[in-house]
Structures are given as C-alpha cells and as structure tokens.
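The structure appears below as structure tokens.
Counting starts at 1 for both ligands and their atoms, following the listed order. These figures come from a predicted structure and were not determined experimentally.
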Amino acid sequence: MKLYSYPAAPNPRRLHIFMAEKGIEMPFEPIDLMKGGQFDPSFVALNPMSTVPVLVTDDGTVLTQVVAICDYLEALHPEPSLLGRTALEKGEIREWSTRIFNEGVMAVAEAFRKSNPNFANRSIPGPVSLAQEPVLVERGLKRLEHFWSTLETRLAGREFVVGDSFSMADIDALCACDFGKWIRKSVPAECVNIARWYAVVSARPSAKAG
Ligand SMILES: N[C@@H](CCC(=O)N[C@@H](CS)C(=O)NCC(=O)O)C(=O)O
C-alpha cells in the first residue's frame, strides 16, 4: 500500500487524522501542492483529477476519495471504529460527515479558492481551469455562518457530533473549523458548544496529523 498526500491541506488532513487515530502507518510520498506536484505527469497518470490524497492498494487499485480510502481502511482496521459499529451509528456518522463536508468544508473552500490570488483560474481543484467568481466568496461566507449555527445546535448537550465517542464526523468538523482559519474565520465567540467540543477534539494527539 502507498499513500500520496499533502497532509496540511484539509482533505488529506481528514485522512491523516483518521489514520493517526487507528495507528495506521504506510509508505508515503509527499505531493507538494504549493509547487504544483499534483500536475506532475507521473502523478496525473495515477490520478487524472490531480487531487490528493491517493491510496494505491497492494493489488494496484487506486482510490482517490477520502471517504473511499477511509471506508477501505476501516474495513481492514476496524478498531477503534470511526465510521460506526451499528447500522444506526454508520448512518448517523455518514449523515453528519457528509453535511459537515458539504456545508462547512465546501463553504470555506468556496470563499478561499475564489479569492486567493494563488488560485487564479484554478477555482476548483483539478485540471479544469475556471476563473474566480467574487460572488462565490460572499456566498461561501454566508454558507459558513449557517454552518457554524448548525454545528452549534448539534453540539448542544453532546460530547461528540454523533453518539458517545469520537468519530469521522468529529474529524470532519475539526478540519472544517481549522480550514476556516485559512480565510481568517474562526468559530464565532457565541458558539460556546463548538468551543467546548473543539477544546477536547483539538487536544487529541491525532489533531497534530496534517
Ligand atoms: N474529492 C476528493 C477531493 C480531494 C481534494 O480536493 N484535495 C485537494 C486538497 S484539499 C487537492 O488535491 N487540491 C489540488 C489542487 O488544488 O490543485 C476527496 O474527497 O478526497
């Protein structure tokens, strides 16, 4: 097995925290997104979408999506469970992970990629060249406000996003909160439930992965 990644970026970080929680280590090749490593022909041959992370399994299968890689690794390393043990836990974790990704991570991505000069004509990851649309920055920021309020409500009276243990939903929420800092948007001061939860999950050793 071999992992190609750039751990500091938000999507790879989701995977690196997941692996750290499970104590999974594997051969690793850094793909430096700051230096355009994702467009190197040898990497494009592996993943034509030019995104990280990428996992190549022992039989040569290429997985390019964080959720797919996590599903695969959870099946190989079930403990500790991060994707749920019961049918209901699995459903609820997927429900919240997906919402947090779409409503939180993607809201920040929208505001970040559509405004940062380093991403001119690269407003979405991958090989398609698209101009930055300032209107999407505003939209991303509004979506992010809505996300904070959704997460704040969800965490009222809860230690973790789903159930009574740390899961992928917490990993995704942690990465969404930290990604917000890339656009200088910290969790609003009035979100006391998020602040309490964040103090706990960001103190886990795995949070340093990525
Ligand atoms: N759908 C992919 C998305 C991965 C993705 O967007 N990765 C970003 C880093 S966070 C990337 O590789 N960006 C390359 C670029 O910006 O050119 C997944 O879930 O893993």
Side-chain angles (χ1 to χ4, degrees), residues 1-22 24 26 28-57 61-75 82-83 93-133 136-137 140 143-144 147 167-183 185 206-207 209-210:
M1 236 185 292
K2 185 169 174 184
L3 180 65
Y4 298 78
S5 187
Y6 182 75
N11 278 299
R13 185 169 180 238
R14 296 164 60 209
L15 173 62
H16 287 275
I17 295 177
F18 182 94
M19 287 171 52
E21 286 285 336
K22 287 180 178 283
I24 299 173
M26 66 177 77
F28 166 72
E29 186 169 324
I31 301 297
D32 192 338
L33 298 187
M34 295 301 113
K35 294 188 177 152
Q38 71 275 38
F39 301 117
D40 187 280
S42 61
F43 184 70
V44 175
L46 195 61
N47 178 15
M49 287 174 289
S50 297
T51 54
V52 284
V54 169
L55 179 77
V56 181
T57 68
T61 301
V62 177
L63 298 176
T64 65
Q65 305 297 308
V66 171
V67 282
I69 298 170
C70 289
D71 280 352
Y72 177 70
L73 293 178
E74 175 103 347
L82 294 171
L83 298 179
I93 290 169
R94 181 69 83 211
E95 163 89 9
W96 279 97
S97 271
T98 306
R99 286 195 60 183
I100 290 162
F101 181 77
N102 288 333
E103 297 171 30
V105 176
M106 292 312 288
V108 180
E110 201 164 66
F112 174 69
R113 286 194 78 111
K114 310 295 188 280
S115 61
N116 189 303
N118 294 331
F119 293 93
N121 293 317
R122 292 209 302 117
S123 73
I124 58 167
V128 183
S129 176
L130 287 176
Q132 291 171 315
E133 302 286 353
L136 293 179
V137 176
R143 290 174 65 198
L144 183 59
F147 169 68
S167 76
M168 190 68 195
D170 297 288
I171 294 175
D172 288 335
L174 173 63
C175 291
C177 292
D178 287 339
F179 191 26
K181 296 174 192 165
W182 290 32
I183 52 166
K185 292 287 170 197
S206 65

Taking 4.0 angstrom as the limit and counting only heavy atoms of [X], give me the atoms of ligand 1 inside it, by number and element.
{"X": "A9", "value": "9 (C), 10 (S)"}
{"X": "R122", "value": "15 (C), 16 (O), 17 (O)"}
{"X": "P10", "value": "10 (S)"}

(request) Measure T64 to ligand 1 on non-hydrogen atoms and call it side chain, backbone, both or neither using the 4.0 Å cut-off. (result) backbone
In this structure, does ligand 1 have an atom that sits under 4.0 Å from one of the heavy atoms of [X]?
{"X": "A109", "result": "no"}
{"X": "I31", "result": "no"}
{"X": "M49", "result": "no"}

(request) Would you please say whether a donor-acceptor pair under 3.5 Å links the side chains of T98 and N102? (result) no
Between the side chain of [X] and the main-chain N/O of [Y], is any donor-acceptor distance below 3.5 Å?
{"X": "R13", "Y": "A207", "answer": "yes"}
{"X": "S50", "Y": "Q38", "answer": "yes"}
{"X": "D170", "Y": "S167", "answer": "yes"}

Looking at [atom], what's its closest protein heavy atom, distance included?
{"atom": "atom 16 (O) of ligand 1", "value": "R113 NH1, 2.7 Å"}
{"atom": "atom 13 (N) of ligand 1", "value": "P125 CB, 3.7 Å"}
{"atom": "atom 3 (C) of ligand 1", "value": "N11 ND2, 4.1 Å"}
{"atom": "atom 14 (C) of ligand 1", "value": "S50 O, 3.7 Å"}

(request) Identify which of R14, R13, Q38 has a heavy atom lying nearest to atom 15 (C) of ligand 1. (result) Q38
N/O of [X] under 3.5 Å from N/O of ligand 1, yes or no?
{"X": "Q65", "value": "yes"}
{"X": "T51", "value": "no"}
{"X": "V52", "value": "yes"}
{"X": "V66", "value": "yes"}

About how many Å separate [atom2] of [Y] and [atom1] of [X], when rounded to the nearest 0.5 Å?
{"X": "L15", "Y": "M168", "atom1": "CG", "atom2": "CE", "result": "7.5 Å"}
{"X": "N47", "Y": "T51", "atom1": "CG", "atom2": "OG1", "result": "4.5 Å"}
{"X": "F147", "Y": "K185", "atom1": "CZ", "atom2": "NZ", "result": "15.0 Å"}
{"X": "C175", "Y": "I100", "atom1": "SG", "atom2": "CD1", "result": "10.5 Å"}

(request) Apply the test side chain to side chain contact (heavy atoms under 4.5 Å, CB included) to residues K2 and L46: give CA-CA distance (whole Å), side-chain angles for both, the deciding distance (0.1 Å), then the verdict. (result) CA-CA 12 Å; K2 185 169 174 184; L46 195 61; over 6 Å; no
(request) Please work out which of the three classes, parallel, tilted or perpendicular, describes the rings of H16 and F28, given edges at 30° and 60°. (result) perpendicular
